[in-house]
Structures are given as structure tokens and as C-alpha cells.
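To start, the structure under review is shown below, and the notes come after it.
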Amino acid sequence: MISEDFAFLNEKQREAVMATEGPLLILAGAGSGKTTVLINRIANLLKYGKSSDTELMPEDASEEDIIIMNKGGEEARKCASYLPVAPWRILAITFTNKAADELKNRLVSSLGDKANDIWACTFHSACVRILRRDAERLGFESSFTIYDANDSVSLIKQILKQLNLDDKTFPPKSVLSEISRAKDSKITAKTYSERASIIRDIRKIRIGEIYTRYSEELFRSNAMDFDDLLLYTVKLFEDNPDVLEYWQNRFEYVLIDEYQDTNRLQYNFARLISGKFNNLCVVGDDDQSIYKFRGADIENILTFEDNYSNCRTIRLEQNYRSTSHILDAANNVIRNNIGRKGKELWTDKEAGEPLELYSADNENDEARFVASTIISDIDRGASFKDHAVLYRMNAQSNALEYAFKRNGIPYRVFGGTKFFERAEIKDVISYLCVVASPSDDLRLQRIINVPARGIGRSSLDKAVKAASDEGLTLFEVLKNSDKYPELSRASYRMREFTAMIESLRDSVKTQRLDEFLDTLLEKTGYLKMYEQSGSPEDESRVENIKELKSNIINYMAEAEEPSLPGFLADVALYTDLDSYNEDNDCVVMMTMHSAKGLEFPTVFIVGAEESIFPSIRSIGDPDEMEEERRLCYVAITRAKNKLYITAAKQRMLFGRTTNNKISRFVDEIPDEHIVRKNVTRGYSYSDKAWDRNYSYEPDYSEPTSGRPIIKTGPVKSTYRITPQKPQASKPVPDFKTGDRVKHRAFGEGVISKMTPMGGDYLIEIDFGGTVKKLMLKAAVNFMGKL
DNA sequence: CGCACCACAATTTTT
DNA sequence: TTGTGGTGCG
């Protein structure tokens, strides 16, 4: 029996692994072993083909085979096995590069090298591969470049200027999301404009003009934005039956992960590419659909069974991640949603500890609670990386970062400014793009005057106008700028610039990619610009550029045929979370959205207040509220062993003080699963503050031995430069050099040095050999005088 | 053309 | 409160 091969799976999982034929919907609850199922399903296909899911005799069975099969037994089973599916006939789609890499790695490690031929990639990279082959059919060159969100915004801004439209009335980002929504419904710029004029919607008419121009510009630049990758792939399929047939024949089995996050284009893509064999397996969780604002359409998963009438549905409800207190909390919250398939997670794990609600006085108190709780966990032998702090908005990370930084808690913030969105990285990438693609006007404009080359906005605008008037690329105009009287002033410098780019285009042909990067950085004077100043920001920029170089080296090692366009395509689809490295022993801080798919022993959900979570924008809209509740469900189910929820009675946000009620989601958790520690406490910075503030946790003063050694100093974060903010002018607690103190995390020590710093003191404490540097005002919350 | 200063707005963001 | 982007001046 094939099922013996998958005896380690639970019944439902096994069922999902063996149901290889036809459309299949796997509703996989959080932590239900979804990836395991995906991997084993592919393993099953590679090993047994469709055998586990059919009673038909293999078409190629010989008479002899049939005789053996009729006898039954082991020999018969081998015989009855349909030919294994060739790895290259399997397409497995995920949403993130990280998930794709993970899938691929796990496939290779359990199935061997042949798994490398499986297409395990994101929607977007699958589309890129498909488009590279046939982009000419759409009028694009196959070397088309990919515009990221920022590139798109810049282009829209430029167009607004050209059309003399006000960016207050037409905020680039909302225009873009309007365009994106149109593309999602396959509405072309032309159709959009026509519809706008029929309904005489003046605003839509304008947006139609922008859309038209935007599409033209992209086309002219031989570029596609993220939506285009899908849109044009679908269009390519629809307009070219032979192309569609080619891919349909190739992919006998299609798997799609995180199906609840697909948009309509992705639905179209999936339907088309799996159209021949109809072996489409989608895996997802309607309760974890949290990306509506990005176009994800929960209806895709809710109506899958209607769209595929012969579809089978399998629910994976056994959870292997969390304790039952946590699961029950999650179940009770999500139960309040109406638009869902309905699932109830269960576990045979122990009940564990109930959740804890801490109602803080304000955001600093909240942060301190989190910090002190983490430190006492560390006392008990836990690692920092076992802890995650999840919030609704990135802006909430500030108070937490303070508390962590001042107490030597290493942390890492995800989100915010991403590596590939940093100015210096985008600049260098832009240089590379300009070298690779002569028609990339947008990126050319970005870097032409970085470092300063005396080619300013006004001259550049004239050149842009000339280019658009004559239908030439900007580069061509710049190269021949001596022919344009209006460009005479900057002409020399422009031609100097184009000559430099052209010489770089020569170098790229002969040099290795990493060497070429060095050449580029040198010839353009880009690196020099940052190396001279010596300011810490610039140093970190140089570091980041080095980091980019290691990216290139990585790429060269992995790619079959490394090339500059190849690298750029990779980079365009690469984001930060992809490089989340759990080896670093850091507390992880991120939004609840970013946390999807991750798990941590201890989780803090902070800011559980009405109008923060649920967000103020969703209050009053039932659909939005359900989405927030799903987000809550996602957040709760990240926790394996312990979940803390915190709310602040008063919170300073965006310079305003607000008083919010505790989140309705907390009320939805039954009392038996949550301990509500609504201790109203005084708030003071006196030297006894420590006693008072933390008296709610009676076992705190127990000294613990065997505490792991904590690395000193803040951990370098590649992801964000956290500026040192000035201290508020609060009274400085009464400590002096030579005082003996006891710190909750670091034990007993002596203050060896105190340096006044911004209304506070930087204190150095010698904990029996290890010297820790702390900010006094914050440290006082974690230590007392002996 | 570059820099400084001021006004303004700030959910969430896999590609 | 924070960061960013636009404007105006040197």
C-alpha cells in the first residue's frame, strides 16, 4: 500500500497527499502541517504517479503486468504504479521567495537532486519565466525590466507633472491602486477610459489618462510592474493558444499555496495553466486571509468548490504548534466571523498556560512589561529569539525599541525600510539597470545626478520632454544632447555621462559580475561619495553596498548562467523577509501581517486596543472587521507556548494622547483561557519604582542561576537604523558610582561609571567581569540597590 | 544647482 | 511624534 509510505502523517494529511487527481481544496488551519503535506504530495507524485488516486489500470501495462496485478501482493503494487511524474511536470506556487526557497530546499533534501527540476516558485517568478520565453508576442523584448512599487510611484508622479495634475487630488499611491484594481479585473487603460467617459466621472477620466500614459511609458521603457507580470502572462495565454497549450501540456500537476491570498489574475493564471489536466491543488486557510487591501480576494477560496464542481475538499484541523489554551482562544475569536468555511483547530498537546492580558498605563509601561517579561524568561533559560512582539502598525515599534535598547535586549525589527528599498541600494541597482537596459528612462533619471554631475532637474526635464516629443529614449537624447539647443548648457556633462555608461556596457561584457560591480562603483564615483564623509549613516550605506555585492556573489553561485539582466530580475522579485535569519538570538519585532507563517514559543500581541487593533479604519465596516479578526487569529496562532496580550490605558500616537478601550477581540476570549492582570499601578521614577512597578509579579526577586550569557551592546540591525532619541526630561533616579545593584537579568553588580547623557545617565555596571552599558532611567525598572 | 527649512500626513504590503 | 517631500533661498 502506498499509504504505508505516509504512515507518519495523520489521516487527513495522508488523504491530501494521496488525492492527486482532479481539483482539490485543502483547508489547512494554522500549524496543521501544511508544508509537510505539500512536500509529501509531491513525493507521492514523483514516486507513484497517480497510483494512489486511481483504480484504472495503467495504459501501458503489458498483459504480463495484468496477470501479476490480478494476483495481488507487493509485486502487483509495483506493477500497478503508474509511471512516476517527471519532476519538471510539477508546478508549485507560493507567494514569497522565502516560502518557495524553503519548499525547494525541503524537496531537494527529501527527494534528492531530481527535485531541482520542479518549478517551485512565486506567481511572479513563474510569470517572469513564462514571459521571458514569449515576451515578443506582446511586443516586449524578452529582456524586459521589472518596476517595483517605488518605481511605479515615481513614474506616476512624473506623469502627473506632465499632465499638469495635482498630486493632492490624485495621490500617486491611490491612483496606482486604482490602476492595479483595474488590471486585476483585466480592464485595459482604453476600456477604463471609455467606461469613465460613459459615466462622466471626471476623476476616473483623469485616472484613465494617467493609466494610459502609465502603460505607454512602461511599454516604451520595455518594463513591467508587478501586476503586469501576471496580467501579461494571462493575456499571453489568452491570445496565443499555442503558448497556453505548451504550458498546459508541460504542467500536469499544479499546486498553489496560500490560496486565500490570491487575487483574480492569479486565479485566472491558475485556472488557465492547469486547464488541460485539471490537477489543481490549492492549499489555504480562509481564516488567514489578511491581504484584502492588496487585492487578495477571499472569494477565491470560498468559492473554489463552486468553480470546480468535481472538487474534493479536505480539512486539516489538527494543530501541531500551540497549546490548547492558545488554540481555544483563537477558535473563540474567529468563531465570530460569518464569511468563513468553518474550521475548529484542535490539538492533543497539553493545555499549557492560559494567555495573559496586561493592561498597561501607557505605551512605555507596555514596553517595559514586555521587556521585563522577556528578561525573566531569559532568567529561566529561554533565548531572545524565542520571543516575538507583534503589533498592528509599524509606528508602534518605537516605544518597544526604546525599552529593548536601553536594557540591552537584542532585537530585530522587520518591515520599515527594507534592504532593497534603501536609497543606496536602489541607486546601485538603478545604475545596473541603466547599464543593462538602454531604455530604462526612469532609473536613468534617478542616478544621472548621483553623485552630483551638474545635471539638474531643469536640464533633465528638458531632455525628458525632448525624448517624449521625438519618441526616443532619454539616453539617446542625452547622448546627442549637442544637437538640442535647449540642452546646450548641460550638454557636455550629459555626453560625459553617456560615455561613461557606454564604457560600462563594454566592461560588463568582459568582466565577472562582482568585478563589474566594483568597476561601476568606482567609475561612477558612487562609492566615493559615501566613503569620504565618515558619518555613521554613510558608513552603514557602504556596508549595505557590500551586502549587495555578497548578494551578487550568491547569485553567481546559484544561477545556471549568471548575467546582469538575470541578476536584476532576481533582485526585483526579492524582498527583505526572504532574508529573515533565525540564527541570530534576537527578539523579533514585526507587524501581525508580516508574522504570518512564522511561529514563536512566546508571543506578545501589543496594542490590543479599540481603534488600534481593530484599526480605527475598520470600525463600522463589517467586512473590514472580519479581516481584522482574521488578523487577530493569525497573530494568536503564531504562539506555541505562551501568549501575552497587552493594551495601554493611555497611548501617545502621532503626537496625540488617546484613551482606548481594550480590544473587542480580547473580550471574545473566554475567561478560562486568559488571565486578566488589570493591576492599576502607580507610575513613578523614584528609586523604588522598580518595587512598585513590578510587584504584580511576585516571583521576580528569586535569583536564578544558570542564566545564559547575554551579548552586550545592541545588535546590529541591517534592517533599520534606529536613531538615538533624546531622553525626556524626567527626574534622574538616585544612583551613583560604586553602588551595588541587582539587575533582574544580569544579577548583582557594581556601578563602575556614570556618564551624563541627554538628561539621563549612561551607566556601566560590572556584573562580575561582564560590563553592561545601560541607560539609567530605563534600567532602574529592572534593578534595585542592594 | 544644492541645501535648509517647514508643512503635512501617518494602517497593514508576500511581489 | 516622526519622517518625508516640496519650496524657496543662497
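Computed from heavy atoms alone, side chains included, the values below leave out hydrogens, waters and symmetry copies. Only a predicted model underlies this, so the values are computations on that prediction, with no experimental measurement involved. Here is how names work: the chains are called A, B, and so on, in the same order as the sequence lines, proteins then strands, and each is numbered from 1.
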Can you check whether [X] has a side-chain N or O nearer than 4.0 Å to OP1 or OP2 of [N]?
X         : N       : value
Ser458(A) : dC1(B)  : yes
Ser594(A) : dT12(B) : no
Asn394(A) : dG3(C)  : no

Subject >> Qualifying residues under side-chain contact (heavy atoms from CB on, under 4.5 Å), relative to Asp623(A), sequence neighbours excluded >> reply: Lys292(A), Asp621(A)
**OP:** Would you please name every residue forming a side-chain contact (heavy atoms from CB on, under 4.5 Å) with Ser125(A), sequence neighbours left out?
**Re:** Cys121(A), Thr122(A), Leu573(A)
For [X] and [N], what is the distance between atoms [atom1] and [atom2] respectively, to the nearest whole Å?
X         : N       : atom1 : atom2 : answer
Asn362(A) : dT1(C)  : CG    : P     : 14 Å
Lys98(A)  : dT13(B) : NZ    : P     : 15 Å
Gln396(A) : dT1(C)  : CD    : P     : 18 Å
His124(A) : dT13(B) : NE2   : C1'   : 12 Å
Lys168(A) : dT4(C)  : NZ    : C1'   : 12 Å
Lys157(A) : dT4(C)  : NZ    : P     : 12 Å
Asp261(A) : dT12(B) : CG    : C1'   : 13 Å
Leu487(A) : dC1(B)  : CG    : P     : 11 Å

Original post:
For dT12(B), does the O4'-C1'-N9-C4 (purine) or O4'-C1'-N1-C2 (pyrimidine) torsion place it in syn, i.e. within 90° of 0, or in anti?
Top reply: anti
Nearest to the [X] side chain among [options], which nucleotide is it?
X         : options                  : result
Arg617(A) : dT11(B), dT2(C), dG6(C)  : dT11(B)
Tyr402(A) : dT11(B), dT2(C), dT12(B) : dT2(C)
Met652(A) : dT11(B), dT1(C), dC1(B)  : dT1(C)

**OP:** Could you pick out which residue, Arg489(A) or Ala296(A), lies toward the 5' side of DNA chain B when each is mapped onto its nearest nucleotide?
**Re:** Arg489(A)
Subject >> Whichever of Glu627(A) and Ser459(A) has its nearest DNA chain B nucleotide further upstream toward 5' >> reply: Ser459(A)
Please determine if [X] and [Y] form a salt bridge, counting it only when a charged side-chain N lies under 4.0 Å from a carboxylate O.
X         : Y         : answer
Asp225(A) : Lys183(A) : yes
Glu626(A) : Arg340(A) : no
Arg443(A) : Asp151(A) : yes
Lys34(A)  : Asp257(A) : yes
Glu178(A) : Arg181(A) : yes

Mind checking [X] for me? I need base, sugar-phosphate or nothing, with any heavy atom below 4.0 Å counting as a touch.
X         : answer
Thr591(A) : sugar-phosphate
Ser125(A) : nothing
Ser618(A) : nothing
Glu628(A) : base

**OP:** Ignoring hydrogens and angles, tell me if any N or O in the side chain of Tyr291(A) forms a donor-acceptor pair with the backbone of His593(A) under 3.5 Å.
**Re:** yes
For nucleotides 7-10 of chain C, give me every protein contact, N/O to N/O, under 3.5 Å, one pair per line with atom names.
none

Original post:
Will you find, in the side chains of Ser221(A) and Asp440(A), an N or O donor that is under 3.5 Å from an N or O acceptor?
Top reply: no
**OP:** Examine the side chains of Ser491(A) and Arg495(A) and answer whether a donor and an acceptor come within less than 3.5 Å of each other.
**Re:** yes
**OP:** Describe, in one word, how the ring planes of Phe95(A) and Phe123(A) are oriented to each other, choosing from parallel (under 30°), tilted (30 to 60°) and perpendicular (over 60°).
**Re:** perpendicular
Original post:
When you compare dG5(C) with dT12(B), how far apart are their P atoms, in angstrom units rounded to a whole number?
Top reply: 16 Å
Subject >> Between dT4(C) and dT13(B) - P atom distance, rounded Å >> reply: 16 Å
Can you tabulate the close N/O pairs, meaning under 3.5 Å, that link protein atoms to atoms of nucleotides 2-7 of chain B?
unit_1, atom_1, unit_2, atom_2, d
dG2(B), OP1, Asn449(A), ND2, 3.4
dG2(B), OP2, Asn449(A), ND2, 3.3

**OP:** Output all residues satisfying side-chain hydrogen bond (donor to acceptor under 3.5 Å, both in side chains) with Ser437(A), sequence neighbours left out; order by chain, then residue number.
**Re:** Ser439(A)
Subject >> Strand contacts (DNA chain B) in residues 283-293 of chain A, 4.0 angstrom heavy-atom criterion >> reply: Tyr291(A), Phe293(A)
Subject >> Nearest heavy-atom neighbours spanning Gly597(A) and Arg638(A) >> reply: N-NH1, 3.1 Å
